Amino acid sequence: MTADAPGPAVEGRPPNPFLQVTLDELRRRTSTKWRTYPPDVLPLWVAEMDVLLAPAVREALHRAVETGDTGYPAGQEYPEAVAAFAADRWGWTGVDPARTALVPDVMTGIVEVLRLLTGPGDVVVVTPPVYAPFYAFLEHADRAVAEAPLDASGRLDLQALEAAFAGARARCAHPAFLLCNPHNPTGAVHTRAELEAVAALARRHGVRVVSDEIHAPLVLPGVRFVPYLSVADDGFALVSASKAWNLAGLKAAVVVAGPEAAGDLARLPEEVGHGPSHLGVLAHTAAFRDGGGWLDALLAALDENRRLLQQLVAEHLPTAALRAPEGTYLGWLDCRPLGLPPEAPSSGLAVVSDLDGPARFFLDHARVALSSGHVFGTGGAGHVRINLATSPAVLTEALTRMGRAATARTG
Ligand SMILES: Cc1ncc(COP(=O)(O)O)c(C=O)c1O
């Protein structure tokens, strides 16, 4: 396919972030999205976006590099920027920087918080299909995983959660629930009513809740993000600019403790705070503090891509069922009606880059790399996750190729 031309800026509106970088330029990137597959493959798998940095982030990094400001991080600017963003965007004033801690990234933060709340062998409930590394990190941290699968519409199933909480409490003294809010991969943005019900169940069964809110700034028009800590005082949340401003390579995240969890946070070992990098902290702070205009342009472009993806699936894969996201930049596609080869029965832990079933088919026959549904746990098999944080041209080409390959197979 031809490379996209960088898009013009429409006067008065920040340019569409997906039209600022060409496919040829993207292919010169060295990150995992661009280095895992050969150049004829369109990579729509791992959660990296095809964007340049927000100007505020670029300027903060340039300033640090030009002045040699590359020492250790200091101060509270990052949690303060998160607090201001939360008040402005979500109407929530509950982030008190005194009840926060810096951690290198969200997954490390989750593990460290779970170490405060649970012991080795204790049960952590997850709601599959869910972000695949939850399984590997929990196993690595010597915690047992219990599944409370989402319902058929890709949302939290309160009955399944209640059963999982009761089962977890019967098995151990200190169970926890790792909530994904918004939910990766179905893109569900949990409602206040859903979260209040979760909080009530958790209290009833003595389950502590850790809420992964890495996708929180990525809530698309039509719904509102509800921070878990706005409904429960004893929880923890993990926040980061990593997904919304594409900063995964600049490690820094924030743990936020609810008022009743302050005592737990006080037990966080001092050395955990040595992990985040100063450049990461500067970049994430600039994103939350000064990157709102760029984020708005991104959300508008994602909303358009979401509509485009719906049209493309209807046109090229009409029998497949797409769950278009309310939040995140991930589409969740049920490919079972396409009659593609299924995943092989597997034993052991799937890792995020495993490809099987429909994702393997689309890589081999359409040269499109997607995330394989089976790695997301129960309910994931037969699905693929599509990263739609790319240009409309790449999205169109990818779905056209997928449709052609599926049609060629069925004849
Ligand atoms: C739900 C969720 N949590 C955590 C992460 C990883 O975050 P980090 O790189 O900060 O550990 C991702 C990355 O895509 C994610 O989707």
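Counting convention: from 1, in listed order, for ligands and their atoms alike. Just so it is clear, the structure is predicted and the values come from calculations on it, not from any experiment.
If you check each of Asp105, Asn387, Leu218 against atom 9 (O) of ligand 1, the one with the closest non-hydrogen atom is Asp105.
Polar contact check, His215 against ligand 1: a nitrogen or oxygen pair lies under 3.5 Å apart. Residue-to-ligand polar distances keep Thr108 apart from ligand 1: every N/O pair is separated by 3.5 Å or more. On a distance-only criterion, Phe134 and ligand 1 share no N/O pair closer than 3.5 Å. At a 3.5 angstrom cut-off on N or O pairs, Lys251 does not count as close to ligand 1.
With a 4.0 Å heavy-atom cut-off, ligand 1 is reached by the backbone of Val106 and by its side chain too. Under 4.0 angstrom from ligand 1, the non-hydrogen atoms of Cys180 all belong to its side chain.
Not close to ligand 1: Ser240, with no non-hydrogen atom less than 4.0 angstrom away.
The protein non-hydrogen atom at the shortest distance from atom 6 (C) of ligand 1 is Tyr131 OH, 3.2 Å. In this structure, the protein non-hydrogen atom closest to atom 14 (O) of ligand 1 is Lys243 NZ, 3.1 Å. The protein non-hydrogen atom at the shortest distance from atom 1 (C) of ligand 1 is Asp212 OD2, 3.3 Å. Of all protein heavy atoms, the one lying nearest to atom 7 (O) of ligand 1 is Ile214 CD1, 3.2 Å.
Of all the atoms in ligand 1, the ones that sit under 4.0 Å from a non-hydrogen atom of Met107 are 4 (C), 11 (O).
Remark: the Glu48 side chain and the Ser31 side chain contain an N/O donor-acceptor pair separated by less than 3.5 Å.
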